[in-house]
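What follows is a short report on a single structure.
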Number of protein chains: 2
Amino acid sequence: MFKTKKVAKRELILAEAAKLFKDRGYSGTSMRDLAGQVGMEAASMYNHIKSKDELLDTICFRISDTYISQLAEIEATAIPFSEKIKALVRLHIRLMVEDGAAVSVANHDWKYLPEPRLTEFKQARKNYEKGFAALIEAGIAAGEFRPVNVSVALFTVLSAVRWVELWYRPGRGLSAEELENNILTVLLGGLAQR
Amino acid sequence: MFKTKKVAKRELILAEAAKLFKDRGYSGTSMRDLAGQVGMEAASMYNHIKSKDELLDTICFRISDTYISQLAEIEATAIPFSEKIKALVRLHIRLMVEDGAAVSVANHDWKYLPEPRLTEFKQARKNYEKGFAALIEAGIAAGEFRPVNVSVALFTVLSAVRWVELWYRPGRGLSAEELENNILTVLLGGLAQR
DNA sequence: CGGATGCTAACGAATGTTTGTTTACATTGT
DNA sequence: ACAATGTAAACAAACATTCGTTAGCATCCG
């Protein structure tokens, strides 16, 4: 007997939890709400999960780990810095489109992580930002980017991608590819006509 | 006898509520937490406020009203479209710097507004976005902006300003003015060297 | 005096989680 | 082949705690 069923149920709970956490927030979502969405009683979920905290932990760190490993991969690739930034922006957009609920939770509800995981998460994010900033800085040094304040550029780019979670619905108007191209045009080329 | 004292206490409660809602979220903040921050018992606050919902309502609509009235003012001013966009971006940054907690609450916790105020808030925001988008569209038509997707440009600009609430601390490194200039450079001129 | 403002105590409802039990099915021993 | 055993997964009920809010009473101040 394999536990494929059990894993599937756990994944179902995680997926529904991400959706509810995104819509109502972590504190605003009760285990009974979640159970209703999953299709069982709240108590029954504890056959598949350890706690509400654990759900949040799993959702947040899966996203965090994805970003970190992808950053390492891009750092190791021999392409111009502008292409590295593009690849990172594309990664953000793609993850947002494909797993928007989880990304949203990792962006907003990480603060409800209990210690010591909260500190670990913040550290991981800081490391990611540091790596991202280093790419921008190197791009400026290489003459590929304009000499703007690195932190401002970093956070402007990171934030400019967040609205996708709030607004974008695939199959309604823009395709994911058009979305990427438009955002990259604004971020890299700027709004003003040259 | 005037109620200046009562109003002052009410404003204190509102200010502390905005701070706590920002840090812990609306659902994650209890009235006892808030009372502790204000310096009285939870029950005592009800001499100054009607309910927890009312706090959220006041915080959200004060911000919303500010944006709407300022947009109307900018729309009525005879300046180039690029200057109108600049003025709006500056407004967002300035409000974020001056009243970051309230802006953050209006950005994130509006979804906990009870009906019918929730619908009113969403409608107000939609109207604001429509007005903002019209300015971008007119700017493109006038040849001031590059012909990008208007919605993408709108949300990219609106989001690019949100990180200020998460990251920027006045008096640490950048001044508010440098901040504005750097963000405007990235958004209007783009990251890439021309 | 009398209203404004604070407190303690308490309310019912909702919270995350544990307990005890049942059902259904897979595995084992013979 | 089949009863015995083990286990996964669901449930209802209850746990202690916390929630927003109200009631009743004290105290201060003009």
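Residue numbers start from 1 in every chain, and the chains themselves are labelled A, B, ... in the order their sequence lines are given, proteins ahead of strands. Keep in mind that this is a model prediction, so the values were computed, not measured.
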> Where each residue is assigned the nucleotide of DNA chain D containing its nearest heavy atom, which of A/Arg32 and A/Glu41 is assigned the position nearer the 5′ end?
Replying inline: A/Glu41
Expected rows: protein N/O vs nucleotides 26-28 of chain D N/O, under 3.5 Å:
none

> Do B/Glu11 and B/Leu14 come within less than 4.5 Å of each other through their side chains, counting heavy atoms only?
Replying inline: yes
>> Nearest to the A/Met40 side chain among C/dG6, D/dT21, D/dA10, which nucleotide is it?
In response: D/dA10
>> Atom CD of residue position A/Glu177 - does it have more than 12 heavy atoms of other residues, nucleotides or ligands inside 6.0 Å?
In response: no
> Base, sugar-phosphate, or nothing: which does B/Ser30 touch, judged by heavy atoms less than 4.0 Å apart?
Replying inline: sugar-phosphate
> Quick one: is A/Lys52 getting a side-chain N or O under 4.0 Å of the C/dT15 phosphate, OP1 or OP2?
Replying inline: no
> When you check the phosphate oxygens OP1 and OP2 of C/dG6, does a side-chain N or O of B/His48 lie under 4.0 Å from one of them?
Replying inline: yes
>> Could you tell me how far apart A/Asn47 (CG) and C/dT19 (P) are, to the nearest whole angstrom?
In response: 13 Å
> What's the CD1-P distance between A/Ile13 and D/dA9, to the nearest Å?
Replying inline: 10 Å
> Is it true that A/Tyr67 and A/Ile183 fall in one hydrophobic cluster, defined by side-chain heavy atoms closer than 4.5 Å?
Replying inline: yes
>> Test of understanding: with salt bridge (charged side-chain N to carboxylate O under 4.0 Å, His left out), list the residues that count as partners of B/Glu16, not counting sequence neighbours.
In response: B/Lys19
>> In this structure, how many angstroms lie between the P atom of C/dT5 and the CG atom of B/Leu12, rounded?
In response: 13 Å
> Quick one: A/Met31 CE to C/dT17 P, roughly how many Å, whole number?
Replying inline: 6 Å
>> Just verifying a value: how many Å separate A/Lys130 NZ and A/Phe132 CZ, rounded to the nearest 0.5 Å?
In response: 16.0 Å
> To the nearest angstrom, how far is A/Tyr46 atom OH from D/dA10 atom P?
Replying inline: 15 Å
> So, is B/Lys9 near the phosphate of C/dA4, with a side-chain N or O under 4.0 Å from OP1 or OP2?
Replying inline: no
>> Ring of A/Tyr26, cation from A/Lys52 - is the NZ or CZ under 6.0 Å from the centre and inside 45° of the axis?
In response: yes
> What is the nucleic acid contact for B/Thr29, judged by heavy atoms within less than 4.0 Å: base, sugar-phosphate only, or nothing?
Replying inline: sugar-phosphate
> Atom NZ of A/Lys50 to atom P of C/dG16: distance rounded to whole Å?
Replying inline: 17 Å
> Within the structure, does a side-chain N or O atom of A/Ser44 lie under 4.0 Å from either OP1 or OP2 of D/dC11?
Replying inline: yes
> Between C/dG16 atom P and A/Ile49 atom CD1, what is the distance in whole Å?
Replying inline: 10 Å
>> Counting the benzene-type ring for Trp, do B/Phe61 and B/Phe121 have ring centres under 6.0 Å apart?
In response: yes
> C/dG16 C1' sits how many Å from A/Asp53 CG, rounded?
Replying inline: 10 Å
